[in-house]
Protein chains: 2
Amino acid sequence: MFLNRLTELRKSKRWSLQYIADRLGIAKSTYAGYESGYREPSLEATKMLADLYGTSVDFLLGRVTEPNHPPAIQRTEHIELLELDQVTITVDGKSLSSGEIKHVIAFIRVLREMDGTAKK
Amino acid sequence: MFLNRLTELRKSKRWSLQYIADRLGIAKSTYAGYESGYREPSLEATKMLADLYGTSVDFLLGRVTEPNHPPAIQRTEHIELLELDQVTITVDGKSLSSGEIKHVIAFIRVLREMDGTAKK
DNA sequence: ACATATGTACGCGAATCGCGTAAAATTCGC
DNA sequence: GCGAATTTTACGCGATTCGCGTACATATGT
């Protein structure tokens with residue numbers, strides 16, 4: 001079995017088998033076979049798994065111990081939380097609704113406000 | 001075809017199909033199938049190929065352009081809030097710190113939990 | 001306790017693999 | 001150049017493996 005890191009990765013993100021299967025467009029039982037070692041994914045599926053989990057194929061295969069070696073050039077993209085059109089933010093595999101985003105923004109503002117006043 | 005870098009790698013080292021096949025312990029025609037795209041190697045064989053060529057599986061799969069750099073991470077449309085090394089989320093123009101992100105995740109979890117129990 | 005969601009196990013048809021074989025193409029000595 | 005040896009490409013066959021649906025087991029939430 002070469003993908004024994006899959007389960008811990010998925011659980012660390014609180015994703016279900018069904019969620020992963022849907023994202024990959026495969027059956028739940030198929031993905032379950034990957035985690036249990038009963039089946040081996042194709043290279044294509046393995047690549048998609050690395051994308052989904054935000055890691056490298058080498059890490060999934062246990063060829064490397066670091067889950068995310070930063071790329072040589074760190075190109076960070078900035079997204080303002082209020083202007084989310086093309087990108088979906090998820091928590092525990094469920095995308096944030098527009099209502100939740102508003103709450104988050106309010107929450108962050110209060111959080112920062114408290115930080116400012118408390119530290120005076 | 002996902003392994004089109006194999007041929008150039010092999011030729012850059014002036015190796016023959018037979019040589020690689022022997023090193024891997026497979027038939028020459030089998031390895032030839034990998035290069036031509038006629039067949040797809042198992043994950044195990046893919047790992048051995050990366051070892052042989054002294055590169056990463058991610059490079060063999062074209063997931064990364066640099067043969068010797070550590071594998072990088074690819075961005076998707078969906079971004080799990082836990083994996084924000086690649087993208088920076090901002091609120092009011094100020095990027096979320098890792099601590100704030102943790103708070104947001106906890107906040108969302110509680111929010112959803114409450115939503116479930118206290119249905120008016 | 002019940003209903004729903006999540007995880008596990010397995011049989012079947014279909015797709016793919018690895019191999020041997022052999023023809024095409026390239027390289028090499030002369 | 002020219003043939004022999006090496007390398008590369010192509011393909012059929014048997015066996016393996018895949019992906020799916022289904023069914024069952026376990027966990028979670030109302």
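Labels below follow one simple rule: chain letters A, B, ... track the order of the sequence lines, proteins then strands, and each chain is numbered from 1. None of these values were measured; they are calculated from a predicted model.
Residues L17(B) and E35(B) are in side-chain contact: their nearest non-hydrogen atoms beyond the backbone lie under 4.5 Å apart. Put simply, the side chain of L43(A) does not reach to within 4.5 Å of the side chain of V57(B), judged on heavy atoms. The shortest side-chain heavy-atom distance between R39(A) and T30(A) does not fall under the 4.5 Å cut-off. Side-chain contact check for L49(B) versus I20(B): some heavy-atom pair is nearer than 4.5 Å. Taking 4.5 Å as the limit, some side-chain heavy atom of R10(B) sits within range of a side-chain heavy atom of T7(B).
If you take CG of L24(A) and P of dC18(D), they are 16 Å apart, rounded to a whole angstrom. Atoms CG (L17(B)) and C1' (dA24(C)) sit 14 Å apart, rounded to a whole Å. When rounded to the nearest whole Å, the span between CZ of R14(A) and P of dG29(D) equals 10 Å. Between the CD atom of E40(A) and the C1' atom of dA15(C) there is a distance of 16 Å, given to the nearest Å. A straight line from NZ of K11(B) to P of dT26(C) spans 10 Å, rounded to a whole angstrom. In this entry the distance linking OH of Y34(A) with P of dT17(D) reads 15 Å, nearest Å. For the pair L43(A) CG and dC17(C) P, the interatomic distance rounds to 9 Å; values are reported in whole Å. Atoms OH (Y31(B)) and P (dT7(D)) sit 14 Å apart, rounded to a whole Å.
Each of S29(A) and Y38(B) was matched to the nucleotide of DNA chain C holding its nearest heavy atom; the match closer to the 5' end belongs to S29(A). Checking Q18(B) against A45(A), the closest nucleotide of DNA chain D that is more toward the 5' end is the one next to Q18(B). Looking at which nucleotide of DNA chain D each of R39(B) and K28(A) is closest to, the 5′-most match is held by R39(B).
Relative ring orientation between W15(B) and Y53(B) is described as parallel, the plane-to-plane angle staying below 30° on a 0-90° scale split at 30° and 60°.
In this structure, the helix from dA1(C)-dT30(D) to dC30(C)-dG1(D) shows an angle of 50° between the axis at its start and the axis at its end, each fitted on 5 base pairs and rounded to 10°.
Listed candidates were dC19(C), dG7(C), dT8(D). Nearest to the side chain of S16(A) is dG7(C).
Heavy atoms of T30(A) sit under 4.0 angstrom from at least one base atom. Residue A32(B) is in base contact, counting any heavy-atom pair closer than 4.0 Å across all strands shown.
Considering every non-hydrogen atom in both A45(B) and P41(B), the closest pair reads CB-CB, 3.9 Å.
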